[in-house]
Amino acid sequence: MPGDRLLDLVGKPGGPLADAALWRLEVTSSERISPNILRVELTGPGFDRFSHQAGQDLMLRVPTKARSRVVNRRYTIRRFDSRTAAAVLDVCLHGNGPGTEWLRNARPGDEIEAIGPRGKITLRPEADWHLFVGDETAMPGTLAMLEALPPGARGLGVLEVGDPADAQDLDGLADGRSDLTWLTRPADAPPGDTELLGGVIEQLSFPSGRGHAYVAGENGAVRELQQVLERGGLAPDQIAAKAYWRRGLPNAEHGEPTRSS
Ligand SMILES: Cc1cc2nc3c(=O)[nH]c(=O)nc-3n(C[C@H](O)[C@H](O)[C@H](O)COP(=O)(O)OP(=O)(O)OC[C@H]3O[C@@H](n4cnc5c(N)ncnc54)[C@H](O)[C@@H]3O)c2cc1C
């Protein structure tokens with residue numbers, strides 16, 4: 001039973017793990033869908049019972065080279081297909097951290113444990129409009145949430161990528177209620193700077209009604225973009241900000257960006 005093993009691993013689940021279970025998953029496919037994005041599909045016993053909200057993630061328990069140790073790495077669920085009981089993850093390829101390395105080498109049949117669903121940032125049903133801001137790691141969550149917009153809600157997104165070929169097709173997204181702007185970094189600019197995103201967000205005029213913003217990406221960039229949004233008139237409780245990674249430092253073993261060096 002997935003839940004029993006979760007109890008062994010983390011004790012009695014509470015807080016963010018309260019609704020999560022431990023799953024033994026198997027890779028069913030792995031495909032480079034664009035220059036820097038790897039799409040990995042995972043399924044497993046009992047996974048047809050998996051239930052999540054758009055914006056939530058799976059925490060993969062990634063084996064490291066020292067096989068006795070695992071580190072957790074979190075990836076947003078781009079899509080869950082209940083027919084095949086498979087979760088789709090879109091992984092931004094960069095460097096050779098344990099998450100990227102394992103997923104890059106994963107082949108159909110490879111197994112990995114995952115805890116999920118994780119994550120508290122999901123669509124706020126009371127908002128009239130939803131603004132998504134972030135780098136390519138925010139793309140799976142942004143697109144999943146745009147596809148899940150409640151009737152009548154408007155979606156806006158501003159996403160930065162290093163290569164325009166990584167931008168994903170928007171056809172059919174939320175019946176034309178979504179407006180997604182892609183920004184491309186200059187070739188010599190690393191991800192995690194805020195010049196491009198901050199500049200565009202500063203110039204945005206928010207639609208009328210109550211809005212909610214969702215910001216994800218590099219640790220320092222997320223904080224700066226949050227301030228830009230506040231200066232633009234959003235109250236702190238209208239902004240859900242989540243650091244996904246931190247420039248120059250591996251994420252901690254629990255999967256979140258390291259707090260200090
Ligand atoms: C809730 C949550 C959801 C997430 N969803 C996704 C998702 O859907 N898709 C996705 O690709 N990522 C996602 N991430 C980010 C991903 O977990 C991190 O990028 C993580 O650092 C990858 O682990 P790693 O082992 O490859 O690299 P680490 O060992 O953590 O880091 C190794 C090196 O790579 C650098 N690095 C880490 N990430 C990046 C990056 N994106 N670009 C450039 N350099 C980087 C670090 O600064 C470090 O120097 C999510 C993170 C969180 C917390």
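No hydrogens, no waters, no symmetry mates; every other heavy atom, side chains included, goes into these values.
The shortest distance between side-chain heavy atoms of Leu89 and Pro140 does not fall below 4.5 Å. Side-chain contact check for Leu42 versus Val27: some heavy-atom pair is nearer than 4.5 Å. Counting heavy atoms from C-beta outward, Val70 and Pro98 have side chains that stay 4.5 Å or more apart. A heavy-atom distance below 4.5 Å is found between the side chains of Cys92 and Ile37. A heavy-atom distance below 4.5 Å is not found between the side chains of Asp90 and Met139. Side-chain contact between Arg73 and Pro250 is present, with at least one heavy-atom pair separated by less than 4.5 Å. Side-chain atoms of Leu25 and Phe50, non-hydrogen and from C-beta on, never get closer than 4.5 Å to each other. Residues Pro117 and Gln53 form no side-chain contact, since every pair of their non-hydrogen atoms from C-beta on lies 4.5 Å or further apart.
By the criterion of side-chain heavy atoms lying less than 4.5 angstrom apart, applied directly or through intervening Ile, Leu, Val, Met, Phe, Trp or Tyr residues, Leu159 is grouped together with Leu149 in one hydrophobic cluster. No chain of hydrophobic side-chain contacts below 4.5 Å, direct or via other Ile, Leu, Val, Met, Phe, Trp or Tyr residues, connects Ile121 to Ile239. There is a path of hydrophobic side-chain contacts, each under 4.5 Å, that joins Val71 to Val40. Under the 4.5 Å side-chain heavy-atom criterion for Ile, Leu, Val, Met, Phe, Trp and Tyr, Trp182 and Leu131 are members of distinct hydrophobic clusters.
In Glu111, the CD atom is crowded: over 12 heavy atoms of neighbouring residues, nucleotides or ligands sit closer than 6.0 Å.
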Anything under 3.5 Å between a donor and an acceptor, one on a side chain of residues 223-235, the other on a protein residue two or more places apart or in another chain? List them.
| residue | atom | partner | partner atom | Å |
| --- | --- | --- | --- | --- |
| Glu224 | OE1 | Thr194 | OG1 | 2.8 |

Ignoring hydrogens and angles, write down the donor-acceptor pairs under 3.5 Å from the side chains of residues 196-205, residues two or more places apart or on other chains.
none

Test His52 against Thr122 for side-chain contact (heavy atoms from CB on, under 4.5 Å), laying out the working first.
-> CA-CA 10 Å; His52 82 292; Thr122 55; over 6 Å; no

Evaluate the side-chain contact (heavy atoms from CB on, under 4.5 Å) criterion for residues Lys242 and Val222: first the C-alpha distance (whole Å), next the side-chain angles of each, then the deciding distance (0.1 Å), finally the verdict.
-> CA-CA 7 Å; Lys242 179 79 186 164; Val222 165; 5.9 Å; no

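The backbone N or O of Ile115 sits nowhere less than 3.5 Å from a side-chain atom of Arg61 that would complete a donor-acceptor pair. A donor-acceptor pair under 3.5 Å is formed between the side chain of Gln56 and the backbone N or O of Gly119.
Evaluation of the side chain to side chain donor-acceptor pair (under 3.5 Å) rule for Arg104 yields Glu101 as partners, not counting sequence neighbours. Listed by chain and number, the residues in a side chain to side chain donor-acceptor pair (under 3.5 Å) with Arg185 are Glu136, Glu160 (sequence neighbours excluded). Residues forming a side-chain contact (heavy atoms from CB on, under 4.5 Å) with Pro190 (at least two apart in sequence, or on another chain): Asp193, Arg247. Scanning for side-chain contact (heavy atoms from CB on, under 4.5 Å) contacts around Ser51 gives an empty result, with sequence neighbours left out. For the side chain to side chain donor-acceptor pair (under 3.5 Å) test, residues two or more places apart in sequence or in another chain that qualify with Thr100 are His94. The side-chain contact (heavy atoms from CB on, under 4.5 Å) check on Asp163 picks up Pro35, Asn36, Ala165, Asp166, with sequence neighbours excluded. With sequence neighbours excluded, the residues that form a side chain to side chain donor-acceptor pair (under 3.5 Å) with Arg83 are Asp81. Every residue two or more places apart in sequence or in another chain was checked for a side-chain contact (heavy atoms from CB on, under 4.5 Å) with Pro108, and none qualifies.
Here Arg210 does not pair with Glu126 in a salt bridge; the nearest charged N to carboxylate O distance is not below 4.0 Å. Of the charged side-chain nitrogens involved, none lies within less than 4.0 Å of a carboxylate oxygen, so that Glu41 and Arg79 do not count as a salt-bridged pair.
Other members of a hydrophobic cluster containing Val88 are absent, since no ILVMFWY side chain comes under 4.5 Å of it, directly or through relayed contacts. In the hydrophobic clustering (ILVMFWY side chains linked at under 4.5 Å, chained through shared members), Trp245 is joined by Tyr244.
The aromatic rings of Trp129 and Phe206 lie parallel to each other, with less than 30° between the two planes, well short of the 60° mark. Using cut-offs of 30° and 60° on the angle between ring planes, the pair Phe47 and Phe80 is perpendicular.
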